[in-house]
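In what follows, chains are A, B, ... by sequence order, proteins preceding strands, each numbered from 1.
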Amino acid sequence: MSAPDVCAVALSGNRIALVPARSGHAPAADDSRVLPLEEGLALMARLESEDAPRWVCWSAAAALWPAVRAGLALRRVWDLAEAHRLLVGGWEATPQLVWAAAHGLPRSGLPQAPSGDLFDLVATTGDQPGPDDVTTPAGYLRPDADTDEWLGGDGHLAAYAQAALGCQLAQTGRLQQVSPRGISCATSESAASLLCLELERDGLPIDRAAATDLIAEAAGPRPESDADEREIRRVRDQRVLRHAPGHEDTDLRNPAHVRELLASAGVHVPNTRKWVLEPYRATHPLVAALLDWRRDERIATTYGYHWLDRHVGADDRLRGAWSACDGAAGRMTAQNGLHNLPAPLRPAVAAAPGHAFVRADLGQIEPRVLAVVSADAEFAAATRADDLYLPVAGQLGVERPTAKIAVLAAMYGQRSGAAGEALRRLERAYPVAMGFLDRAYAAGLAGRPVRTFGGRLIRLDAALPPGVDLSDRGRIDSARGRFARNAVIQGAAAELFKAWAATVRATTADLGAQIVLCLHDELLVHVPEGAAEEVAARVEQALVDSARRWSGTDAVRFVADTSVIHRWSEAKG
DNA sequence: GATTTCACGTA
DNA sequence: CGTACGTGAAATCC
């Protein structure tokens, strides 16, 4: 047959099934291969270099992890689970759900796997597959299709991989229906899913000595024993409690106790959150000591020696699991503190010897995204400026800070609106963009789902907490309105970001570049020192190209602040 | 033991 | 100036 442009991959135990095909055509049966893992990876490497097929899998995490771990740099992927999340919203994406949604089968008809107990007599629907069938008579994917038990059967793994190809075909049809950009967005989400595996494999370079010093500043020296640890903790607590004679027994980790402690010192607050206490910092030395203690305690507990030992490997890389999208608007998520490392620890994120970081973050991404998704020509014109709030301020006849607050208030909130008059002028100056936001808000209020620019379904049918009375209804509805309005912007921004990251990955790999951190609007790329300037230039070019492809227009300008640094903490620009 | 609440870091 | 996420400690539920 002619060169394959897709190849299904499925794994079970130590075996791998590869099914090369021409997209849209049934694969020839004799092209399927079921091989021991090592041989399969060798074949994948050969196919990748000869044909660069799109690797189709039920999920990259399940099917591609061994290939990524082995260092294969796959170029094109289709992750059925990610495409499914785009199509139907939320995060659930078992192969059975993915198959059913792609084929338009109702969820209510999903067959249950026999569990072997007496209830099977009443629980099973009767829609049970034959022993070697990958689908049921009603057309669903068999309930145990993804279990090692069934996949161990003769021919089953190849059939499961082949089913992924059929599922992709059905899925692309659905995606085309829901959004003109659905397919390109699913491609980009799939690339992000593969990138997540590489992020987990490669980790974030850490200067262990620097990290240890920074932790010591907050948490004290590394404890030698449990008793030592208790003593260090007691001393840390004492720095607060010495300001509260007679209350030395207070448990500082118990907010209720802390609130009582503060009351005894004459500071009466509804809760002990930082922004509530901050105004009292100068009122009583106890408050200042408590707030400093909280900052140090955060590092000591969440980012202390325990964290360093558990998540930073022998190769000085911080590793955590990554996910290509959350269950809401679709931003990437990461575990083990990769997404919420406190700023004081950032000097410890350092390029390895002979390497540098190319750090780039998107400037004013959300208002620029609003210009794209609302197709507001006037607002798009403002994005030609490096600082879009300047032309907006001119248009509104207000100062820049006022214009910025008005734009942010329009996109996110306008509850405690200091914006007032500026907001009304914004409505007049950019009726198209503001109308877009109003419609998203109205959909949220009514509980109607919305779709992002790329086609991701944002569901608003989340079950209400029990016992919600009518007086809470308005509050909950308006929260949904704000959620929907935020999601169409935040979600679209996430789509552009992933398209950009995928392009950077593809266009800088030959220079030995590794993306080591994705932070919503910021990329950190680890590169050999000599390649840094070239990678920085390609990161900028990648934004121009991916933004044009994603937005479908040249009318909206996106900007990145890109620099070559050696520690993450180094100043921007 | 699992889930919820509080608190706080990031964007 | 709102939304989202992940984490840990204590309280609470079962």
Side-chain angles (χ1 to χ4, degrees), chain A residues 91 204 218-219 233 237 250-259 269-278 290-304 306-307 310-311 320-346 349 361-367 369-370 401-402 404-419 422-423 437 440-441 444 452 456 458 460 462 465-466 478-494 497 517-524 568:
Chain A
W91 210 80
L204 181 67
R233 215 165 86 149
D237 293 2
T250 304
D251 180 358
L252 294 175
R253 291 158 193 84
N254 183 325
H257 292 184
V258 171
R259 187 165 166 262
V269 284
N271 60 58
T272 72
R273 296 206 152 103
K274 191 169 84 168
W275 54 89
V276 173
L277 290 181
E278 202 63 56
L290 177 67
L291 288 168
D292 291 346
W293 177 91
R294 283 253 178 90
R295 185 199 56 221
D296 290 347
E297 176 75 2
R298 159 87 20 198
I299 292 179
T301 54
T302 306
Y303 302 99
H306 186 230
W307 169 80
R310 253 206 309 192
H311 303 305
W322 288 76
S323 130
C325 71
D326 59 30
R331 298 221 288 199
M332 294 174 77
T333 68
Q335 296 187 320
N336 300 343
L338 281 156
H339 266 182
N340 40 9
L341 209 64
L345 289 182
R346 291 187 175 198
V349 177
D361 74 296
L362 300 175
Q364 304 171 336
I365 181 174
E366 294 188 333
V369 159
L370 172 61
T402 309
K404 180 175 178 178
I405 287 171
V407 169
L408 295 176
M411 281 194 299
Y412 303 145
Q414 69 201 133
R415 275 201 306 181
S416 52
L423 259 174
L437 293 169
Y441 185 79
T452 63
R456 182 179 299 275
I458 309 292
L460 289 136
S478 67
R480 274 208 288 237
R482 288 195 304 278
F483 169 68
R485 182 170 48 193
N486 185 266
V488 291
I489 301 298
Q490 189 187 96
F497 177 83
L517 192 72
C518 293
L519 196 45
H520 308 315
D521 65 355
E522 180 175 356
L523 273 178
L524 203 58
W568 194 19

Just call it for [X]: base, sugar-phosphate, or nothing, with non-hydrogen atoms closer than 4.0 Å on any strand.
| X | value |
| --- | --- |
| A/L341 | sugar-phosphate |
| A/Q490 | base |
| A/A334 | sugar-phosphate |
| A/A487 | nothing |
| A/R310 | sugar-phosphate |
| A/R346 | sugar-phosphate |

Contact summary for [X] and [Y], nearest pair of heavy atoms:
| X | Y | answer |
| --- | --- | --- |
| A/T452 | A/G491 | CG2-CA, 4.2 Å |
| A/L460 | A/F483 | CD2-CD2, 3.5 Å |
| A/W91 | A/S323 | NE1-OG, 3.9 Å |

So, OP1 or OP2 of [N]: does either fall under 4.0 Å of a side-chain N or O from [X]?
| X | N | result |
| --- | --- | --- |
| A/R294 | B/dC8 | yes |
| A/R331 | C/dA4 | no |
| A/K404 | C/dC1 | no |

The side chain of [X] is closest to which nucleotide in this list: [options]?
| X | options | result |
| --- | --- | --- |
| A/N486 | C/dA9, B/dA7, C/dG2 | C/dG2 |
| A/R273 | B/dC6, B/dA11, C/dT3 | B/dC6 |
| A/T301 | B/dT10, C/dA4, C/dA9 | C/dA9 |
| A/N254 | C/dG8, C/dA10, B/dG9 | C/dA10 |
| A/A343 | C/dA10, B/dT10, C/dG6 | B/dT10 |
| A/L408 | B/dA7, C/dT7, C/dC1 | C/dC1 |
| A/R482 | C/dA4, C/dG6, C/dT3 | C/dT3 |
| A/T272 | B/dC8, B/dA11, B/dA7 | B/dA7 |
| A/Q335 | C/dT7, C/dG8, B/dC8 | C/dT7 |
| A/P342 | C/dG2, C/dC5, B/dG9 | B/dG9 |

Length of the line joining [X]:[atom1] and [N]:[atom2], which is rounded to integer Å:
| X | N | atom1 | atom2 | result |
| --- | --- | --- | --- | --- |
| A/W293 | B/dA7 | CH2 | C1' | 10 Å |
| A/N336 | C/dG8 | CG | C1' | 13 Å |
| A/L338 | C/dC5 | CG | C1' | 13 Å |
| A/Y303 | B/dA7 | OH | C1' | 13 Å |
| A/I489 | C/dC1 | CD1 | C1' | 14 Å |
| A/N340 | C/dG8 | CG | P | 10 Å |
| A/W322 | C/dG6 | CH2 | P | 12 Å |
| A/W275 | B/dT10 | CH2 | P | 13 Å |

Using only heavy-atom distances, determine whether the side chains of A/T301 and A/R253 contain a donor-acceptor pair under 3.5 Å.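 No donor-acceptor contact under 3.5 Å links the two side chains.
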Say whether, by atom type as modelled, one donor and one acceptor occur between the side chain of A/W568 and the main chain of A/L345 under 3.5 angstrom. no
Using heavy atoms to find the nearest nucleotide of DNA chain C for A/H520 and A/R298 separately, return the residue whose nucleotide is more 5′.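 In this pair, the answer is A/H520.
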Is any side-chain heavy atom of A/W322 less than 4.5 Å from a side-chain heavy atom of A/L517?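 When only atoms from C-beta onward are counted, A/L517 and A/W322 do touch, with a gap below 4.5 Å.
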Hey, could you give me the CZ/OG1 distance between A/R259 and A/T250, rounded to the nearest 0.5 Å?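 Between A/R259 CZ and A/T250 OG1, I get 14.0 Å after rounding to 0.5 Å.
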